[in-house]
Amino acid sequence: MSEIKETVVANNFIKNIIDEDLKNNKNDSRVHTRFPPEPNGYLHIGHAKSICLNFGLGKEYNGITNLRFDDTNPVKEDVEYVDSIMEDVKWLGFDWEDRLFYASDYFDKLYDFAIELINLGLAYVCEQTPEEIRQFRGTLTEPGKPSPYRDRTIAENLDLFGRMKNGEFPDGTKTLRAKIDMSSPNINMRDPVVYRIKKAHHHRTGDKWCIYPMYDYTHCLSDMLEGITHSICTLEFEDHRPLYDWFLDVLKTPCHPQQIEFARLNINYTVLSKRKLLQLVQENFVNGWDDPRMPTISGFRRRGYTPAAIRDFADRIGVTKGESTVDYSVLEFCIREDLNKTALRAMAVVNPLKVTIENYPDDLKDDILDGVNNPENPEAGTRKIKFSKVIYVERDDFMEDPPKKFFRLAPGKEVRLRYAYFITCKEVIKDENGEVIELICTYDPASRGGNSPDGRKVQGTIHWVSAEYGKTAELRLYENLFLTENPDIAPEGKTFLDNMNPDSLKVIQAWVEPSLLEAKTNDKFQFERVGYFCADSKDSQPGAPVFNRTVGLRDSWAKIAKK
RNA sequence: UGGGAUGUAGCCAAAUGGUAAGGCAUCGCCCUUUGGAGGCGACAUGCGAAGGUUCGAAUCCUUCCAUCCCAGCCA
């Protein structure tokens, strides 16, 4: 039985904090985290980092982790997104058990806390327009000025807030604001808005509410209500922490979760911003959120990445407070490492060149050879592959005038056809344009299986597909979606869209071993010497799979050839 | 030019006053019926800079520099 390998996660500053808390018996030595996505888009690899962190901490410290949708802005949120988020978290291998929550579950309680805030004299109903609020807020270097509505009586505030809730006022005409400090150097503390009026239909609460609480107010209280001990978020919320703490300090609450911020993930050649990903989808630069070129979890899934590879990636990149950009090669390493051990091998010729073996008998049928399914795993067994007089080999595996270290086919050179025979190139046939269209070779019948009884060595082994028994299948060859390391850097007047790679998708017909036509959706293969491929989950038909290139194989010949 | 953070190799990232882990990438060599995989080796007299404290500093102190975030009724 093969155990799921749980890599020992490296230490990080958050674990150091938790270790310290545990030593001091803080939170009764409980560890309770949460993953709090807003359902306004699909999850991407950056969220995967956060999911692995939060659920990983829960698991490692014998604690628990909630899934909570931060759904306080109905105009941006949708059930399509909540469904996809749950699917993605599950697929990554994490389980929130019975702890699926929504911030909207707490709207009643949040409303009561707002009343408490008013009664404490710490919140007021403000009637400034958004523009006025902005002007009164001051700037980074100048303090703000108090709103003229700041000193209403508690009774008046209670009345007005109740009427806001009852829908008596149009959108945007009034807000509930916390009364904190208009001259704070931290702009978040300059009387932040706590509730706004939005007569919008909410995906869960329907039309029950027309006032919705803001993030800062909602998040800390939701954490508190769930008994979260460590509330982990990204760096941009660092400035919000004083506000997070303020609500919890001022209100009567049984516990006070600790907000800890870490740096969000960046990867070169990719864009990880929900806004930009949404734009790519809406403006049809890609074919949906799960387009295999997208850095979304669903995109990686469809591309052929595995949950284990993504978890491994999250472990390798670490967790810190320093902004950083991870090299894409780390991701590729993780998926290759996983697939190398698990993917079945097969042969596929991406760019075919016809080879006729002139001394192969015309009437020889059922020349059946054995191929190893996975050299990394003997239990994967072997398969039968039919050989024939005419085959296809990779066009790149032939050079008419090869350089010194080219170990493949060339006039007069002998190579091994994987699992089959040694062949020697005798003649090169060209069309009227001088294009090579066929090779005439001879084979050595004694080298059947790939070894010659006289012990002679060949330098190269190439893959092939029988022209008689092979089939064709659609391959989708993916490249990076962006051409530049940081797609966000664009000249004046240009945007990240101008940095897109026009060749990020190439669709070709390849010759494949016949058994590949029976591939099921999501089946993963290594096409030997080519790369890892996965049967597409959407466009494959029974008997007619479409293969997505997950990642190419490392290609050290390409490096030599470049020199 | 207010406030909050961060600087360790090409890219990530450990170190908690005791003499710079590890991974990716790169470069050698070995092995190989995948130019894959695997194995072995190389890769920071140096921790943003300059001063200082100390027997001893990436870690402590001072000053400086660079980068990121914040002025939504978004999260």
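Sequence lines set the chain letters: A, B, ... in the order given, protein chains first and strands last, and positions in each chain run from 1.
For RNA chain B, the neighbouring residues in residues 181-191 of chain A, judged by any heavy atom under 4.0 Å, are P185(A), I187(A).
Judged by the 6.0 Å and 45° rule, K276(A) forms a cation-pi pair with F496(A). Because its NZ or CZ atom is not both nearer than 6.0 Å to the ring centre of Y212(A) and within 45° of the ring axis, K198(A) does not count as a cation-pi partner of that residue. R416(A) forms no cation-pi arrangement with F422(A), by the criterion of a distance under 6.0 Å to the ring centre and an angle within 45° of the ring axis.
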Walk me through whether Y421(A) and Y443(A) qualify under ring-ring contact (aromatic ring centres under 6.0 Å, His included). CA-CA 6 Å; Y421(A) 298 96; Y443(A) 85 125; 4.8 Å; yes
Carefully, step by step, assess F237(A) and Y244(A) under the rule ring-ring contact (aromatic ring centres under 6.0 Å, His included). CA-CA 10 Å; F237(A) 292 102; Y244(A) 183 103; 10.0 Å; no
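Following rounding to the nearest Å, F237(A) (CZ) and rU6(B) (P) show an atom-to-atom distance of 18 Å.
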Whenever both distances are under 3.5 Å in a Watson-Crick or G-U wobble pair, mark it; put RNA chain B into dot-bracket that way, with [ ] for crossing pairs and | when the partner is on another strand. .((((((..(((.....[...))).(((((.......))))).....(((((..]....))))))))))).....
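Sparse packing is recorded around CZ of R264(A), with 12 or fewer heavy atoms of other residues, nucleotides or ligands lying under 6.0 Å away. Atom NZ of K199(A) has more than 12 neighbouring heavy atoms from other residues, nucleotides or ligands inside a 6.0 Å radius. Within 6.0 Å of atom CD in E379(A), 12 or fewer heavy atoms from other residues, nucleotides or ligands are found, so the atom counts as exposed in its surroundings.
Residue N268(A) is the one, among N268(A) and P375(A), whose nearest nucleotide of RNA chain B lies closer to the 5' end (criterion: closest heavy atom). Closest-nucleotide positions on RNA chain B for D216(A) and E528(A) were compared, and the one nearer the 5' end corresponds to E528(A).
For L140(A), the side-chain atoms get nearest to rG2(B) when compared with the rest of rG35(B), rA75(B), rG2(B). Side-chain proximity of L553(A) to rG2(B), rU34(B), rA13(B): nearest is rU34(B).
Contacts of Y195(A) with the nucleic acid, taken as non-hydrogen atoms under 4.0 Å apart, are absent. Among the atoms of the strands shown, only primed sugar atoms or phosphate atoms (P, OP1, OP2) are found under 4.0 Å from some heavy atom of N73(A). Nucleic acid contact for R137(A): sugar-phosphate only, since backbone atoms but no base atoms lie under 4.0 Å from a heavy atom of the residue. Using a 4.0 Å heavy-atom criterion, one finds that T139(A) contacts the bases of the nucleic acid, with or without backbone contacts as well. If you check every strand for non-hydrogen atoms under 4.0 Å, Q128(A) touches a base. At the heavy-atom level, V319(A) lies under 4.0 Å from the strands shown only through sugar-phosphate atoms. Among the heavy atoms of the strands lying under 4.0 Å from K405(A) is at least one base atom, whether or not backbone atoms are also near.
Using a cut-off of 4.0 Å between Lys/Arg side-chain N and Asp/Glu carboxylate O, R68(A) and D223(A) are scored as salt-bridged.
The same atom, C1', is picked in rC31(B) and in rC68(B); the two are 47 Å apart, to the nearest Å. Using P as the reference atom, rG7(B) and rA49(B) are 13 Å apart when rounded to the nearest Å. The separation of rC12(B) from rU6(B), taken at their C1' atoms, amounts to 15 Å, rounded to a whole angstrom. rG22(B) and rA13(B): their C1' atoms are spaced 8 Å apart (whole Å). Look at the P atom in both rG3(B) and rU45(B): the space between them is 37 Å, to the nearest Å. The C1' atoms of rA66(B) and rA50(B) are separated by 15 Å, rounded to the nearest whole Å. On the C1' atoms, rA14(B) is 38 Å away from rA71(B), given to the nearest whole Å. Across rG23(B) and rA44(B), the matching P atoms stand 15 Å from one another, rounded to whole Å.
Interface remark: the E323(A) side chain does not form any donor-acceptor pair with the rU67(B) base, using a distance-only criterion of under 3.5 Å. Side-chain N/O atoms of E376(A) and base N/O atoms of rG36(B) include a donor-acceptor pair closer than 3.5 Å. For rG36(B), its base never sits under 3.5 Å from the side chain of R336(A) at any donor and acceptor pair.
By the 30° and 60° cut-offs, the orientation of the rings of Y111(A) relative to W209(A) is tilted.
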